[in-house]
Structure formats: structure tokens, C-alpha cells
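Have a look at the structure below, then the notes.
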Amino acid sequence: MTSNGMAAAQTDDLTSLYGEHIDEAECRRFQMAAEVAGRKWTASILLAGARGAERFSEYRALVDGISDRMLSVRLKELEQEGLMLREVTPSTPVQVRYRLSEAGRELISVLHPLVRWGTKWRIA
């Protein structure tokens, strides 16, 4: 079988697994979503938000081992990706609160089966 034939056979196996065709655009969206969810600290930050963290110091306390700089970078990235909402209250000092967006809450809900899978197969 040629390499193109192998690729076609593998594609057929994947699409038949779920009974639907997965096109090139869907593959790219899947890859992008997996990269966002799989970035270091992302899941921990989202889970901290789900556990009630709102202020930077609360996130830092719930996400063990993250530096202030990395937390700041990740919160900005998650906001840009639409997973976190940032609310600034103009006061002295300025108050900044972060909370999960609807997309962030949904991402957590779709990660739960992955956690169960990892537990079942003893993935660290």
C-alpha cells in the first residue's frame, strides 16, 4: 500500500470510529483546541477559577508552583482566547478580578472525561 493509501486507510479508520467524516478544517480546530487545553498551567488556572478564585493572589495560592510572571502571562492568554473574563474596578488600589467565561466553564466540563480516562489507564 502506498503512503497515500495508508493515510487514506488511517483516515477511514478514524472517521468510521465515530461514524462521521472528519475533514481537514476539523482536524486543525481539534489540534488548536488540544494545544490550548494542554498548555502548561492552563488546566490548573481554569480549575482554580472553577474553585472560586477571582483575584490574582487567590489564583497564585491555588496553582502550586506557578510564578507571578507566568500566572500573569497565562491569565492574559486565557483572556485573549476567550476562556477567562477580566474585570477592572477603578479604585485605589485598582481591583482586578478574573472569572471563567462560558467557554472556560465548558472546557472544564469536557476535560472531566479526560481525567477519568487518565485515572482508568493510570496516566500520571
Side-chain angles (χ1 to χ4, degrees):
M1 186 179 288
T2 66
S3 63
N4 285 345
M6 269 191 196
Q10 289 173 345
T11 300
D12 289 342
D13 289 344
L14 288 175
T15 57
S16 65
L17 180 64
Y18 296 105
E20 58 187 61
H21 177 71
I22 301 171
D23 65 14
E24 193 77 21
E26 278 185 288
C27 285
R28 283 192 300 276
R29 285 190 297 271
F30 173 83
Q31 181 65 35
M32 290 170 56
E35 287 176 10
V36 167
R39 265 189 221 128
K40 188 167 184 173
W41 304 113
T42 294
S44 296
I45 292 168
L46 293 175
L47 287 171
R51 292 172 60 196
E54 290 187 347
R55 312 236 0 210
F56 188 90
S57 60
E58 294 169 340
Y59 279 94
R60 188 178 53 225
L62 289 174
V63 181
D64 190 38
I66 193 167
S67 69
D68 286 358
R69 182 184 178 290
M70 182 53 65
L71 178 57
S72 179
V73 166
R74 283 291 185 258
L75 285 169
K76 285 177 187 170
E77 289 174 352
L78 293 170
E79 180 188 6
Q80 290 170 347
E81 290 159 351
L83 298 173
M84 299 288 294
L85 301 172
R86 182 176 185 262
E87 180 184 313
V88 178
T89 303
S91 60
T92 306
V94 172
Q95 292 184 9
V96 180
R97 295 188 186 277
Y98 298 90
R99 59 187 170 89
L100 294 174
S101 68
E102 182 179 346
R105 288 189 304 275
E106 187 173 338
L107 178 56
I108 287 176
S109 72
V110 300
L111 289 176
H112 281 289
L114 184 61
V115 172
R116 284 193 299 275
W117 175 84
T119 301
K120 177 182 177 180
W121 295 102
R122 303 188 195 283
I123 307 297

- Under a single-linkage definition using a 4.5 Å side-chain heavy-atom cutoff for Ile, Leu, Val, Met, Phe, Trp and Tyr, are Leu111 and Leu62 assigned to the same hydrophobic cluster? no
- Item | side chain to side chain contact (heavy atoms under 4.5 Å, CB included) partners of Ala61, counting only residues at least two apart | none
Please list, one pair per line, the donor and acceptor atoms closer than 3.5 Å that link side chains of residues 30-37 to other protein atoms, with sequence neighbours excluded.
from  : atom 1 : to    : atom 2 : distance (Å)
Gln31 : NE2    : Glu35 : OE2    : 2.8

Atom pairs and distances, side-chain donor-acceptor, residues 40-55, under 3.5 Å, sequence neighbours left out:
from  : atom 1 : to    : atom 2 : distance (Å)
Thr42 : OG1    : Arg39 : O      : 3.4
Glu54 : OE1    : Arg97 : NH1    : 3.1

- Query: Can you list the residues that meet the side-chain hydrogen bond (donor to acceptor under 3.5 Å, both in side chains) rule with Arg60, with sequence neighbours excluded?
  - Reply: Asp68
- side-chain hydrogen bond (donor to acceptor under 3.5 Å, both in side chains) involving Asp64 - partner list, sequence neighbours excluded: none
- Message: Listing request: all side-chain hydrogen bond (donor to acceptor under 3.5 Å, both in side chains) pairs with a residue in residues 102-121, at least two apart in sequence or in separate chains.
- Response: none
Would you give me the side-chain donor-acceptor pairs under 3.5 Å for residues 84-92, sequence neighbours excluded?
from  : atom 1 : to    : atom 2 : distance (Å)
Arg86 : NE     : Tyr98 : OH     : 3.4
Ser91 : OG     : Pro93 : O      : 2.7

- For the hydrophobic clusters of this structure (ILVMFWY residues joined by side-chain heavy atoms under 4.5 Å, transitively), does one cluster hold both Met70 and Leu75? yes
- In terms of hydrophobic clusters joined by side-chain contacts under 4.5 Å, are Leu83 and Val96 together? yes
- Locate the shortest heavy-atom distance separating Gly82 from Ala103; write the atom from each residue and the value. O-CB, 3.6 Å
- In short, salt bridge (Lys or Arg N to Asp or Glu O under 4.0 Å) pairs touching residues 21-31 with sequence neighbours left out are none
- Same hydrophobic cluster for Val115 and Ile108, using side-chain heavy-atom links shorter than 4.5 Å among ILVMFWY? no
- Those residues at least two apart in sequence (or on a different chain) that pass side-chain hydrogen bond (donor to acceptor under 3.5 Å, both in side chains) with Glu77 are Arg74
